[in-house]
Structures are given as C-alpha cells and as structure tokens.
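Source: prediction; values computed, not measured. Scope of the values below: all heavy atoms of this structure, side chains included, with no hydrogens, waters or symmetry mates.
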Amino acid sequence: MDNKAIATIFYETADLMKVASADPFRIRSYERAAEALEGWPQQVAEIYQDEKALLAIPGIGKGMAANIRELMTEGKLASHEEMLQKFRPSMLELLKISGLGPKTIALIWDAFQVCDVDGVAKLASEGKLRTLPRLSEKSEQKILKAIESYRQLTGRFLLSVADDIARKITDFLKDLPGVEKVTPAGSLRRGRETVGDLDLLVTGKCCDNDAQRNKVIERILSFPGILEVLGKGENKVSFKLRSGMQVDVRLLLPDSFGAAMQYFTGSKNHNVTLRQRALKQGYTLNEYGLVRVEDNKRVAGKTEEEIYKKLGLAFIPPELREDCGEIQAAAEDKLPELITLADLQGDVHMHTVETDGKCTIEEMALAARQHGYKYMAITDHSKNLAFANGLDDKRAEAHIRKIRAAAKQIEGIRIFAGIEVDILAEGELDLSDSVLEQMDLVIASVHSHFNQEPAQMTDRLLRVIENPNTSIMGHPTGRMLLRREGFVFDYDKVFSAAAKAGVAMEHNAYPDRLDLRDQHLRMAKAKGVKFVVNTDAHHTSHIENVRYGVMQLRRAWLGKQDVLNTLPAAHFAKMMRRVLPLLEEAS
Ligand code: DGT
Ligand code: CA
Ligand code: CA
Ligand code: ZN
C-alpha cells in the first residue's frame, strides 16, 4: 500500500465521519494525516514498523501511526470498515458529488436511509428532499444538476490510474503457477487519455482447464479493494473496485491469445472495419481467430501480427486503432514511423523545491540521468503563481546561478536553466526580458484568466509567440482531464504563427493534462509545428509519466522528427534560443 492509497483511506474515513457527525478533532486528525502523507517523499511502507520515523512526519500523531500500522499489516482499517458498514460503500460515491456536502448527505441519510447517487437523484426528482430542513425546491434542482455533471465526468478514469491498477493486478497474479502473461487490452492499451473500464487478459497453462481457471479466478477475487463482483463465468470475471473502476479479466488459451488481444484491444470501430476487410477477403475474424470461410480452416490467432499479416496489412500499433485511416495506410504500407520512448533524450519541464516541486535540483537531475536522459531543464514557476511561491526577477536570477552551479557538479547529463513563466492577462510574460534572456529556454504557460473570449485568448497567445524569448508554449490549452475543459482559441492562427516563429508546442505528459490532445497535435503538425514532450515533474517519480505523453503523440501519428527533445543536446539548445530556423535538419 503506497502513501497515496493510505491517504485516500484516511480522507474517506474523515468524510464518512463527517456524515456521522463524529468529533471534529478526530475528523481533522485523519485529514491532516492524509495531507501529510500525500506530500511525504518517502514511502511509509518502508518505515511503518519504526514508530519514531512515523511520528517524525508532521501531521502524524500516535493514533494515526497506529492506523498506518494497521493498514500495512491488515490491509484495512477498522474505523474505515466500520463507517462503510454503517452507511454502505455507495456513500463514498455520493460524497464525491460537489454541491452535496456531508451535512446535506447526513440529513438525507437520517431521514431516508438513502446513500447512493441514484437514490438521491430519485428523492430530488420526486420532490422529497424539500421536506428536509434547509432544503428547498431550488436546492433539489441544484442537486440534480450536480448529479448530472458528476455523471458526465465519472465513469471514466485517468489513463495513469487505470495503468496503476493494471500493474497492481498483474503483480498480484504473476506468481500464480501457469500464468504466462497478464496484458492490458482496451482503451488502456490504445493509450486513450481516459479509460472507462479496465480490460485485462490472462493467458498461460493456468487457463487450460476448468479447475485451473477456477483457481485463477479465486485468486483474482482476493485482490484487495474489490467492492463488488459483477459477473463470473468460466473464463471471465468482472468486478468493481472501491475507486469505482470496473475491471474485466478474461482467461485465454495461448493458442488464441493473439485473436483475443486484437479483439479486446479494439477500438470497436477499428474492429468493425477490420472484420469487413476480412469478410471481403474470404475470412471471418473473431476473438478466437481468423478463419478461412472456404474450408473453415483457422489460419491465424496465436499472435496479432499474423492476423494483420494474413489480411495483407502491416502491423498496426494499438495507439492507431481508432478507425482514422490506419487500416488503409497499413494496406498501402504507409503507416507512419511512430515516436518511441527510447527516442527521447531529455525532459525540459521540471520544478524544484524553489517553487512548488518536492525535490531539489540535484535530485531531479540525478533522477533524469538515471532514467537515461542526456539533458534536462529546471523550469520553476514565476511570481504570478503566488501560491506556488513563484520566482520574481531577483530570485529567478539567483536560481539560474544555482542551476549552473549544480550543472558543474553533476556529470553525465546536461542541465539547462529555464523557467516556466506565466502568461499574464494580455500576453505579457511575468519576468523582465533581461532575466528571460539569460535562460537557456523559456516555457510560457497560461495559469490564470482561463475564461477569456476565444478572440482575446488568440491575441494573447499570438503576443507570446511574437516574444523572442518564448521557446515553448507550456500545456497549450490548460485543460484538466475530468475536471476542466481546455480554453478555446483560433487553433489555425496560433499553430501557424508558432510554426513560423519557431516556437514549439509542449505536449505536457502530466497525466491530468495530456495537453495538447491528439486532434490538436495532428492539427498543429499539419501547420508545421514542432513539439516538445515534457512531464512537468514536481517530483522525481513523475519523470516516468513520459510514457503517457508518448502514447498520446503516437495516437496523433507523430514521429521522432516531429519532437525536438529527440535531438542531441547541442542542437536542441540552439532550437530553444530560436537562433536557427526550426526546420533545419538534425545534426
Ligand atoms: P473504454 O472502456 O470505454 O475506455 O473503451 P474500450 O475500448 O476499452 O471499450 P470496452 O471496454 O467496452 O471494450 C474493450 C474492447 O472490446 C473494445 O475496444 C473492442 C472490444 N469490443 C467490445 N464490445 C465490442 C463489440 O460489440 N464489437 C466489437 N467488434 N468489439 C467489441
Ligand atoms: Ca475498457
Ligand atoms: Ca470492458
Ligand atoms: Zn510546470
């Protein structure tokens, strides 16, 4: 159990206790512990047996230390379980609806013993909530609206969240005898930015007969955090986790594994088009294999590769399987050569403790070097981002000196001094030109005034592009997945101007952002824009998030040549200062 998982359980306990009107001091102690754990750099799993080490974490007292130990040894927490029993687990979901606070939920619970989203929606639409103190017809309408927008946003999860769970379940199963492979399929394998449910495929000798399959299913069902089993068959089991995520696991014979992978990876539209192609060529294609109609002979199924090959197609990478022309391109052998993780030589958007990061310059640099990068950049925030302790001119200059000093000390990786400078309301940059000029690279990002009219936003961004100090536009639309739509501007105009001026667009690989999205990446590429994929790391562990960013780039059909941080350091550095025309060949 990692810090985040413990923090989640503490937050949940606190929320449930609020509904139960428990002692506010106790509630607060759960919340403080959760906040402390979220920001604590060391995993408490490593130190939980050492009481002193736990108590050294600010916000953790004796009671919470005991709770952490209980969670680590039992895998659950009695106070949390007790609350869940009292209210039923659906209460957790209800608490996630903004606009429905614990007080209102407590009122509803006390009067109707209802604690699920559908139940509350029903009470509201039947006009029963207005009978409660402090609730009116108007509040019923507000609650219904909140539930509606909750439903639109939910049901989907960040790619990183699904990936995390997939890895945990894989780990949980991999030591079982006869398990050869556990592989994600569905939208996770295609690298979609959000995932509806998690599809996992298990194969190996463990799937040979009923008795063995039963053993695997039994083991799967003992995975911690399962809230509810939704369905169970001979070779399939579906369940819902506490987080609300549904997981579909299928057990497959190795002989038809490729066909199943192909089928369950989707997308549905890709599969439909592929099946039509198969039919035209005299085959049927399903999850068990590719079968020639003529003699009913199975001609492929063990691997995906042989299925595509038999259909006269080049292998189509999962990220492209959205029925956007990839089958045609594969038939003509015109699929693009997609960028891979190994192509990247650096990550040039990172924060440190100087602003809102959690690690030092040295720690970030060593982690980037460990990852295999040849270069990286420290790009802390500027002063407009006050809550992040952003840098003013003076601190920014001092920070450059610190970065240069660290660069002298650390070998094996080039460390650029950069900044993520705020774009102010009218498109001015938040630091003086004389300071920005000293930077190796300048990322300009919007962190405020998101709600400008598209025309005003367009002018604002065009002004940033005209500024000769701008190297990169950071997270260009400002979207937050499942929380906030990106702001709208004239994409054609801005992308064209950026291409012309030699300003690169960032693809921000932070899992909540994945900004630009795939369509915008394609649009920008068509205008001649070059990209930089960055993690916006606020902690050394975030550097690994780059894999989500690369999946998005692949979904947009981008190759190595589209992405500047595949270049060697010296060439990359020149591009950032806009000294050379952007389209110059890689040296
Ligand atoms: P999601 O879960 O909404 O993020 O998206 P997917 O693509 O993971 O969709 P899901 O979980 O419903 O199904 C997984 C894959 O299984 C899907 O990509 C293709 C395949 N599949 C599911 N239902 C059908 C179907 O009715 N027809 C075909 N051809 N394929 C299907
Ligand atoms: Ca799925
Ligand atoms: Ca599914
Ligand atoms: Zn940043």
Q: Using the test salt bridge (Lys or Arg N to Asp or Glu O under 4.0 Å), find all partners of D333 that sit at least two apart in sequence or belong to another chain.
A: none

Side-chain donor/acceptor of [X] to backbone N/O of [Y], under 3.5 Å:
X	Y	result
D512	M480	no
S160	P511	no
S267	R321	yes
T273	N269	yes

Answer whether the closest heavy-atom distance between the side chains of [X] and [Y] falls below 4.5 Å.
X	Y	answer
N286	Y263	no
H507	V532	no
L344	V563	yes
I9	R242	no
F531	L558	yes
M551	R190	no
V348	M376	no
I443	N534	yes

Is it true that, when you exclude [X] itself, more than 12 heavy atoms of the residues, nucleotides or ligands shown sit nearer than 6.0 Å to its [atom1]?
X	atom1	value
Y288	OH	no
E332	CD	yes
Q281	CD	yes
K96	NZ	yes
Q370	CD	no
E234	CD	no

So how far is it from [X] [atom1] to [Y] [atom2], rounded to the nearest 0.5 Å?
X	Y	atom1	atom2	answer
T477	H520	OG1	NE2	7.0 Å
D440	I415	CG	CD1	11.0 Å
M473	L516	CE	CG	9.0 Å
F495	K525	CZ	NZ	14.5 Å
I217	L251	CD1	CG	5.0 Å
E420	D356	CD	CG	8.5 Å

Q) Does the ring pair (Phe, Tyr, Trp, His ring centres under 6.0 Å) test come out yes or no for Y375 and Y373, once each step is laid out? A) CA-CA 6 Å; Y375 54 92; Y373 285 142; 7.8 Å; no

Heavy atoms only: give me the nearest [X]-[Y] pair and the separation to one decimal.
X	Y	result
I465	A497	CG2-O, 3.7 Å
A368	M350	CB-CE, 4.1 Å
C359	M364	CB-SD, 3.7 Å
Y491	V488	OH-CA, 3.8 Å
R292	Y283	CA-CD2, 3.7 Å
I97	I147	CD1-CG1, 3.8 Å

**Q.** Qualifying residue for salt bridge (Lys or Arg N to Asp or Glu O under 4.0 Å) with E193, from R479, R513, R555
**A.** R479

Q. Would F572 and T566 satisfy side-chain contact (heavy atoms from CB on, under 4.5 Å), going step by step from the backbone distance to the final call?
A. CA-CA 8 Å; F572 178 82; T566 60; over 6 Å; no

Please determine whether a side-chain nitrogen of the Lys or Arg among [X] and [Y] lies less than 4.0 Å from a carboxylate oxygen of the Asp or Glu.
X	Y	result
E326	R277	no
D163	R167	yes
E38	K4	no
K168	D164	yes
R250	D199	yes

Q.
For F172, does the six-membered ring have the charged nitrogen or CZ of R219 within the cation-pi criterion, i.e. under 6.0 angstrom from the centroid and within 45° of the normal?
A. yes

Q. Quick one: which of D248, L221, L227 gives a side chain to side chain contact (heavy atoms under 4.5 Å, CB included) with F239?
A. L221

Q | Results of ring-ring contact (aromatic ring centres under 6.0 Å, His included) for H351 - residues two or more places apart only | A | H349, H381, H538

Q) Checking side chain to side chain donor-acceptor pair (under 3.5 Å) for the pair D536/N508: CA distance, chi angles, key distance, verdict? A) CA-CA 7 Å; D536 201 348; N508 189 297; 3.1 Å; yes

Q. Hey, what's the ring geometry for Y308 with H270, parallel, tilted or perpendicular (30° and 60° as the breaks)?
A. tilted

Q: Check the pair V249 / V247 against side-chain contact (heavy atoms from CB on, under 4.5 Å), numbers first and verdict last.
A: CA-CA 6 Å; V249 187; V247 184; 3.9 Å; yes

